[in-house]
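Keep in mind that this is a model prediction, so the values were computed, not measured.
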Amino acid sequence: MAECLRVQADVPPRGALARVFGRSPLSDESRPWYLGALGELDVARRLDSLGEGWAVLHSVPIGTRGSDIDHVVVGSSGVFTINTKFHEDARVWVGSRRLLVNGQAKDHLRNTRFEAARTQKLLSAAAGTEVPTAGVIAIVGAKQITIREQPADVAVVDAARLTRWLKQQKPRLDQAQTAELSALVRDATTWTAEPQHEPNILGFDALNREVVGAKRVRMIWSAGLLVAVMGVTVPMALGFYSRLLGG
């Protein structure tokens with residue numbers, strides 16, 4: 001959200017004509033960040049429904065270079081780092097060593113492995129014991145997800161099935177261990193010493209309303225054009241068939 005608004009700040013406001021025809025306010029540079037934020041918000045809403053016995057954190061900062069983990073979840077089955085990927089209307093293919101989006105290889109598996117390994121090292125050092133940690137890729141908005149073979153060390157899950165998948169994982173911690181680990185991950189100093197800032201949620205909501213409004217305007221224009229085309233072509237077709245039958 002923050003990066004989307006930062007990039008979008010350099011985009012000139014739309015003119016009256018652009019608003020009339022529903023041109024999106026997003027630039028080519030801000031659109032990927034916007035979609036990424038939508039994906040993370042979708043997964044965040046799902047994870048927040050896990051309920052009692054789970055600790056859920058979003059946009060967890062790690063290190064000193066502005067890096068973050070989309071979501072960190074703690075339960076009796078351990079710690080999960082969740083890398084959310086919004087692939088709108090795409091076809092996702094998953095193999096043991098590759099993940100393809102519309103036939104193009106992506107670095108999602110490598111990045112998720114790195115996040116999980118980094119988190120496990122950090123939490124194990126803070127807890128003084130080995131912390132079971134697994135990486136998960138949550139796919140949002142895809143038209144089709146084909147799991148040819150799940151990677152050995154990363155789970156790829158449709159976001160719609162994410163909470164069910166988490167609840168199905170085998171318990172590895174008792175109640176006391178889960179509570180202790182939950183407290184540890186909620187402690188901001190566990191992750192980074194850098195100062196953190198609250199996201200501009202109101203600013204992003206305003207941008208989102210503008211984007212959605214522009215999309216609705218385009219849909220209205222498309223519907224109007226379809227009606228106009230039908231209004232011309234249907235009478236022409238009826239006239240043609242009438243002449244044909246009459247002949």
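Contacts of Glu3 classified as side chain to side chain donor-acceptor pair (under 3.5 Å), with partners at least two apart in sequence or in another chain: Arg6.
Each of Ile69 and Trp54 belongs to its own hydrophobic cluster when Ile, Leu, Val, Met, Phe, Trp and Tyr are linked at side-chain heavy-atom distances under 4.5 angstrom. The cluster map of Ile, Leu, Val, Met, Phe, Trp and Tyr, joined by side-chain heavy atoms under 4.5 Å apart, puts Val74 and Phe80 in different clusters. Residues Met1 and Trp33 are members of separate hydrophobic clusters, defined by side-chain heavy-atom contacts under 4.5 angstrom among Ile, Leu, Val, Met, Phe, Trp and Tyr.
Ring-plane geometry between His58 and His71 is classed as perpendicular, the angle between the planes exceeding 60 degrees on a 0 to 90 degree scale with a lower cut at 30.
At distances below 3.5 Å, at least one donor-acceptor pair connects side-chain atoms of Gln177 with backbone N or O atoms of Asp174. Side chain of Thr133 to main chain of Val131: a donor-acceptor pair is present (N/O by atom type, distance under 3.5 Å, no hydrogens or angles). Between the side chain of Ser124 and the backbone N or O of Lys121 there is no donor-acceptor pair closer than 3.5 Å.
Crowding of Gln168 atom CD: a count of heavy atoms from other residues, nucleotides or ligands under 6.0 Å exceeding 12.
Residues Val94 and Ile137 have side chains not in contact (no heavy-atom distance under 4.5 Å, counting atoms from C-beta outward). At a threshold of 4.5 Å between non-hydrogen side-chain atoms, the residues Ser24 and Arg218 count as touching. Counting only heavy atoms from C-beta outward, the side chains of Leu41 and Val43 never approach each other to under 4.5 Å.
The two atoms that bring Thr178 and Ser76 nearest to each other are OG1-CA, 3.5 Å, heavy atoms only.
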Can you list the steps and then say if Glu40 with Arg46 is a salt bridge (Lys or Arg N to Asp or Glu O under 4.0 Å)?
CA-CA 10 Å; Glu40 291 185 31; Arg46 297 178 188 279; over 6 Å; no

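Applying the ring pair (Phe, Tyr, Trp, His ring centres under 6.0 Å) definition to pairs two or more places apart or across chains, none involves residues 133-153.
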